[in-house]
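I have placed the structure first, in the form of structure tokens, so that the comments after it can refer back to it.
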Amino acid sequence: MTTFNLAHLSDPHLPPLPAASWRELAGKRMLGYLNWTKNRHLIHRRDVLDVLMADLRAHRPDHIAITGDLVNLALAQEFAPARRWIERLGPPDRVSVVPGNHDAYVRGSAERFAETFPDYMSGDARGNAVAFPFLRRRGPLAIIGVSSAVPTAPFMATGWLGEAQHAALAAMLAQLDGDPAFRVLLIHHPLRSRSHHKRLTDSPQLQALLKRHGVDLVLHGHDHLHSTTWIDGPVAPIPVVGVPSASAGADGHRPAAAYNLFSILREGERWRCDHTIRGFGDAPGITQLQAARLTPAAESSSL
């Protein structure tokens with residue numbers, strides 16, 4: 001079996017923010033707009049994103065996973081440019097997407113997001129019908145996408161799956177029990193968060209579900225940080241990996257833009273998963289920032 005290469009990026013927050021009327025900015029969007037004009041437009045830069053994506057494409061991954069926050073305020077004017085951007089990145093059979101909280105910023109925006117990207121986040125058996133969780137088989141991978149994206153009150157960026165998604169995910173993972181596929185779960189929110197207003201509120205239930213049924217890898221975004229944590233699985237710990245915003249310039253507070261690259265290979269009865277981080281660091285341009293083997297016995301070992 002040959003190595004399968006999976007790239008992971010998140011939170012591009014595609015700049016620039018389009019012009020909007022005062023009516024469109026009513027409610028929570030006004031706070032987001034003020035935050036964008038004061039701070040975030042300095043952080044999320046299109047030139048940074050373009051350089052990072054050029055490096056990603058040069059590595060020719062077999063598949064790309066994007067864990068949400070393609071847009072900023074979920075304005076109607078943001079969705080068509082976001083669609084054009086993702087089409088340049090890759091076709092639907094090579095790219096999988098789950099939404100983030102900014103993609104569902106206000107009521108009705110989650111539905112618009114689904115209408116814009118149905119072929120990038122639909123399961124193999126459903127055509128272009130969007131329903132979570134979805135299952136997409138790509139090479140030796142079973143890619144499972146869930147949505148933690150829900151509209152929230154001002155100053156809140158929490159997410160949750162809800163009982164229906166939990167039940168459907170449990171049934172899907174039960175059907176995959178004994179399947180030789182390498183199971184990857186895509187979600188926007190991290191499973192552990194120190195921030196009360198940014199957390200996944202039903203994370204304990206999701207972690208309990210994964211402890212029963214298991215996956216091989218969880219990928220997320222949301223907090224714009226490099227992170228690898230481990231949660232309990234049915235047999236061995238499960239790695240949970242986050243990534244900084246794909247458009248973030250260096251601001252001295254959070255990491256600059258980066259993406260994850262996973263090289264996945266079956267070795268006998270076990271999977272090997274090598275994790276490389278590429279992005280902006282101390283050296284000019286895009287470089288390899290870190291490499292590790294994601295195995296429970298070597299949680300922090302270097303390659």
Side-chain angles (χ1 to χ4, degrees), residues 10-46 49 66-86 97-118 120-121 130-132 145-165 186-190 193-203 206 220-225 242 244-249 251 253-254:
S10 197
D11 300 74
H13 291 285
L14 290 164
L17 188 69
S21 68
W22 291 113
R23 177 176 294 181
E24 290 174 304
L25 295 175
K28 182 178 179 178
R29 279 193 179 124
M30 178 57 74
L31 296 173
Y33 176 77
L34 294 174
N35 188 24
W36 176 269
T37 56
K38 182 179 180 180
N39 299 309
R40 293 174 71 94
H41 78 284
L42 299 172
I43 298 171
H44 298 292
R45 294 167 40 187
R46 191 54 175 261
L49 177 63
I66 306 176
T67 49
D69 278 0
L70 275 70
V71 300
N72 293 286
L73 306 184
L75 293 162
Q77 306 92 300
E78 291 185 83
F79 288 96
R83 174 75 194 199
R84 292 193 294 269
W85 175 81
I86 202 170
V97 176
V98 294
N101 58 295
H102 281 262
D103 305 318
Y105 205 67
V106 296
R107 284 183 297 177
S109 51
E111 290 77 12
R112 184 182 292 271
F113 190 84
E115 293 168 358
T116 305
F117 305 102
Y120 284 90
M121 53 182 189
V130 176
F132 297 101
V146 295
S147 175
S148 60
V150 291
T152 57
F155 304 108
M156 298 296 289
T158 50
W160 59 86
L161 300 184
E163 292 182 5
Q165 252 189 113
L186 309 182
I187 185 171
H188 179 65
H189 287 76
S193 177
R194 297 179 180 178
S195 175
H196 178 81
H197 71 285
K198 293 184 177 182
R199 75 195 192 284
L200 182 69
T201 59
D202 53 2
S203 179
L206 177 57
H220 70 85
H222 189 54
D223 52 8
H224 299 190
L225 296 173
S245 162
S247 62
D251 67 350
H253 298 288
R254 288 185 181 260

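Throughout, numbering of the chain's residues begins at 1 and tracks the sequence.
- In this structure, CZ in R199 is found 8.5 Å from OG in S193, a value given to the nearest 0.5 Å.
- In this structure, P190 and L200 approach most closely via the heavy-atom pair O-CB, 3.7 Å.
- At a threshold of 4.5 Å between non-hydrogen side-chain atoms, the residues L70 and D11 do not count as touching.
- Across all their heavy atoms, Y105 and G32 have their closest contact at OH-CA, 3.4 Å.
- In this structure, CZ in F155 is found 4.5 Å from CG in L31, a value given to the nearest 0.5 Å.
- Judged by distance alone, the side chain of R46 and the main-chain N or O of P15 form a donor-acceptor pair under 3.5 Å.
- Pairing each heavy atom of P12 with each of W85, the nearest pair is CG-CH2, 4.2 Å.
- Residue D69 comes nearest to N101 through the heavy atom pair OD1-N, 3.2 Å, listed as atom of the first residue, atom of the second, then distance.
- Across S10 and T67, no two heavy atoms sit closer than the pair OG-OG1, 2.7 Å.
- Residues satisfying the side-chain hydrogen bond (donor to acceptor under 3.5 Å, both in side chains) criterion with T152, sequence neighbours excluded, are K28.
- Contact check for R29 versus L75: side-chain heavy atoms found under the 4.5 Å cut-off.
- In this structure, the separation between CZ on R45 and CG on D251 is 10.5 Å, given to the nearest 0.5 Å.
- The closest side-chain heavy-atom distance from I86 to Y120 is below 4.5 Å.
- In this structure, the separation between CG on L14 and NE2 on H102 is 12.5 Å, given to the nearest 0.5 Å.
- In this structure, the salt bridge (charged side-chain N to carboxylate O under 4.0 Å, His left out) partners of R83, at least two apart in sequence or on a different chain, are E87, D119.
- Between the OG atom in S21 and the CZ atom in R23 there is a gap of 7.0 Å [rounded to 0.5 Å].
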- Tell me, with the steps shown, if T158 and V150 meet side-chain contact (heavy atoms from CB on, under 4.5 Å). CA-CA 8 Å; T158 50; V150 291; 5.7 Å; no
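- The backbone N or O of D223 sits less than 3.5 Å from a side-chain atom of R254, completing a donor-acceptor pair.
- With a 4.5 Å cut-off on side-chain heavy atoms, Q77 and E24 count as touching.
- The closest donor-acceptor contact from the side chain of N39 to the backbone of W36 lies at 3.5 Å or more, if one exists at all.
- Residues forming a ring pair (Phe, Tyr, Trp, His ring centres under 6.0 Å) with H188 (at least two apart in sequence, or on another chain): H222.
- The line from CG of D202 to CH2 of W160 is 9.0 Å long, rounded to the nearest 0.5 Å.
- Shown here are the side-chain hydrogen bond (donor to acceptor under 3.5 Å, both in side chains) partners of S245, two or more places apart in sequence or in another chain: H44, S247.
- What you find for L161 and Q165 is that their closest heavy atoms are O-NE2, 3.2 Å.
- Using a 4.5 Å heavy-atom cutoff, the side chains of L25 and L73 are in contact.
- Under the rule for a salt bridge (charged side-chain N to carboxylate O under 4.0 Å, His left out), R40 has no partner lying at least two apart in sequence or in another chain.
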- Task: Evaluate side-chain contact (heavy atoms from CB on, under 4.5 Å) for Y33 paired with L17, printing each intermediate quantity in order.
- Result: CA-CA 9 Å; Y33 176 77; L17 188 69; 3.8 Å; yes
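- Between H224 and H13, a ring centre-to-centre spacing shorter than 6.0 Å is recorded.
- With a 4.5 Å cut-off on side-chain heavy atoms, S147 and V98 do not count as touching.
- F113 meets the ring pair (Phe, Tyr, Trp, His ring centres under 6.0 Å) test with F117; sequence neighbours excluded.
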